[in-house]
Trainee: 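One structure coming up, written as structure tokens, with questions to follow.
Order of listing sets the numbers, starting from 1, for every ligand and every atom in it. What you see is a predicted model, and the numbers here were worked out from it, not measured in a lab.
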Amino acid sequence: MKRILTYGTFDLLHYGHINLLRRAKELGDYLIVGLSTDEFNAVKHKEAYHSYENRKLILEAIRYVDKVIPEKDWDQKIADVKDNDVDIFVMGDDWKGKFDFLKDYCEVVYLPRTVGISTTKIKHDLFTVKNG
Ligand code: C2G
């Protein structure tokens, strides 16, 4: 049973997120998602449209996701890897290199981002359409 771990905000869920979650799950058998809390999003200078509880509800409905845990700070990843017996840590390659310290505890894989979509783009496009 190969256990996978990834993190994110996953706001305004889109196909880039789904592509990431699908490919992460394909690397093993059990996918855990560390979902950024609303408070941690503020630390990341992000403000999610959906609350943590609603983003969690949505993620738990995705066939690739087996467990959702709260991501409360930058420093919990080593403990999360240990506590959840994680074999592979996965992130999109916009984070390439940033989490290599986890290589002492598990395999680290950075997957190519899906080009052309982001939560920021969705917000921008909707704002532009709405305001002409
Ligand atoms: N992603 C992707 N392609 C996109 C958009 C996002 O592959 N077009 C990936 C990101 O690389 C990330 C995941 O989807 O691996 C979640 O993206 P975000 O919700 O934007 O996550 P982020 O804010 O980068 O949080 O501690 C790590 C942070 O919590 C990561």
Side-chain angles (χ1 to χ4, degrees):
M1 167 95 121
K2 204 170 261 193
R3 298 165 63 85
I4 318 293
L5 175 63
T6 190
Y7 293 84
T9 297
F10 294 99
D11 190 34
L12 301 186
L13 197 72
H14 55 69
Y15 58 90
H17 295 137
I18 297 300
N19 284 339
L20 188 285
L21 294 169
R22 186 192 71 254
R23 288 175 294 160
K25 182 59 174 285
E26 285 168 354
L27 293 173
D29 310 285
Y30 190 87
L31 175 60
I32 303 157
V33 179
L35 182 61
S36 307
T37 61
D38 297 330
E39 296 75 13
F40 183 53
N41 273 329
V43 172
K44 296 198 296 185
H45 306 298
K46 277 191 160 185
E47 186 176 356
Y49 177 81
H50 293 303
S51 68
Y52 172 80
E53 285 309 319
N54 285 331
R55 287 182 285 117
K56 182 171 185 283
L57 184 75
I58 292 166
L59 274 187
E60 287 174 338
I62 297 170
R63 72 177 68 180
Y64 308 119
V65 177
D66 296 289
K67 183 181 180 185
V68 178
I69 61 174
E71 181 188 30
K72 299 178 179 176
D73 60 54
W74 290 114
D75 306 320
Q76 69 184 74
K77 291 186 174 66
I78 292 173
D80 286 347
V81 167
K82 290 178 179 175
D83 296 348
N84 291 278
D85 299 319
V86 169
D87 299 290
I88 308 176
F89 170 85
V90 177
M91 286 301 294
D93 63 3
D94 47 317
W95 291 94
K96 192 167 180 59
K98 297 289 192 306
F99 302 115
D100 287 357
F101 63 88
L102 290 171
K103 287 181 178 176
D104 294 337
Y105 305 94
C106 64
E107 197 179 330
V108 173
V109 174
Y110 300 102
L111 296 172
R113 272 175 75 91
T114 300
V115 176
I117 186 70
S118 67
T119 302
T120 305
K121 179 177 180 352
I122 293 170
K123 288 177 178 176
H124 173 268
D125 291 355
L126 288 175
F127 178 82
T128 305
V129 165
K130 184 175 142 197
N131 293 280

Trainee: Could you list the cluster mates of F127? Members are the ILVMFWY residues connected by side-chain heavy atoms closer than 4.5 Å, either directly or through other members.
Mentor: none

Trainee: Specify whether H14 and H17 have parallel, tilted or perpendicular ring planes, treating 30° as the upper limit for parallel and 60° as the lower limit for perpendicular.
Mentor: parallel

Trainee: For atom 11 (O) of ligand 1, which of the options D94, L111, L35, T37 provides the nearest non-hydrogen atom?
Mentor: D94

Trainee: Side chains of D11 and T119: do they bring a donor and an acceptor to under 3.5 Å?
Mentor: no

Trainee: Going by the angle between their ring planes, with limits at 30° and 60°, are W74 and W95 parallel, tilted or perpendicular?
Mentor: tilted

Trainee: Please list, in number order, the atoms of ligand 1 under 4.0 Å from a heavy atom of F10.
Mentor: 16 (C), 19 (O)

Trainee: Pull out every atom of ligand 1 sitting under 4.0 Å from any heavy atom of T9, numbered as shown with elements.
Mentor: 18 (P), 19 (O), 21 (O), 23 (O)

Trainee: List the closest protein heavy-atom neighbour of atom 9 (C) of ligand 1: residue, atom name, distance to the nearest 0.1 Å.
Mentor: L20 CG, 3.9 Å

Trainee: When you measure from atom 24 (O) of ligand 1 to each heavy atom in W95, F40, Y7, Y15, which option holds the nearest one?
Mentor: W95

Trainee: Against heavy atoms of K77, which atoms of ligand 1 measure under 4.0 Å?
Mentor: 26 (O), 27 (C)

Trainee: Pull out every atom of ligand 1 sitting under 4.0 Å from any heavy atom of G92, numbered as shown with elements.
Mentor: 11 (O), 15 (O)

Trainee: Could you identify the single nearest non-hydrogen protein atom to atom 28 (C) of ligand 1 and state the distance to 0.1 Å?
Mentor: K44 NZ, 3.6 Å

Trainee: Does R55 use its side chain to pair, donor to acceptor, with the backbone of S36 at less than 3.5 Å?
Mentor: yes

Trainee: Can you tell me which residue and heavy atom of the protein come closest to atom 3 (N) of ligand 1, and the distance to 0.1 Å?
Mentor: T114 N, 3.1 Å

Trainee: For atom 27 (C) of ligand 1, find the nearest protein heavy atom and state the residue, atom name and distance (0.1 Å precision).
Mentor: E71 OE2, 3.6 Å

Trainee: In terms of side-chain heavy atoms, does D100 have a donor or acceptor partner in Y110 at a distance below 3.5 Å?
Mentor: yes

Trainee: Look at atom 20 (O) of ligand 1 and say which protein heavy atom is nearest, naming residue and atom and giving the distance to 0.1 Å.
Mentor: K46 NZ, 2.9 Å

Trainee: In terms of atom number and element, which parts of ligand 1 are under 4.0 angstrom from non-hydrogen atoms of S36?
Mentor: 29 (O)

Trainee: With N41, which of E39, H45, K44 fulfils side-chain contact (heavy atoms from CB on, under 4.5 Å)?
Mentor: K44

Trainee: What residue and heavy atom of the protein are closest to atom 5 (C) of ligand 1, and at what distance?
Mentor: R113 NH2, 3.4 Å

Trainee: Measure up the F99 and F89 rings against each other and bin them: parallel (under 30°), tilted (30 to 60°), perpendicular (over 60°).
Mentor: perpendicular

Trainee: Which ligand 1 atoms does H14 reach within 4.0 Å, using its non-hydrogen atoms?
Mentor: 5 (C)

Trainee: Salt bridge check: are K2 and D87 linked by an N-O gap of less than 4.0 Å?
Mentor: no

Trainee: Any atoms of ligand 1 less than 4.0 Å from a non-hydrogen atom of I117? List them with their elements.
Mentor: 4 (C), 8 (N)

Trainee: Distance-only check: which donor-acceptor pairs under 3.5 Å involve side-chain atoms of residues 61-69, not counting sequence neighbours?
Mentor:
residue, atom, partner, partner atom, Å
D66, OD2, K25, NZ, 3.0
D66, OD2, L31, N, 2.8
K67, NZ, N84, OD1, 3.2

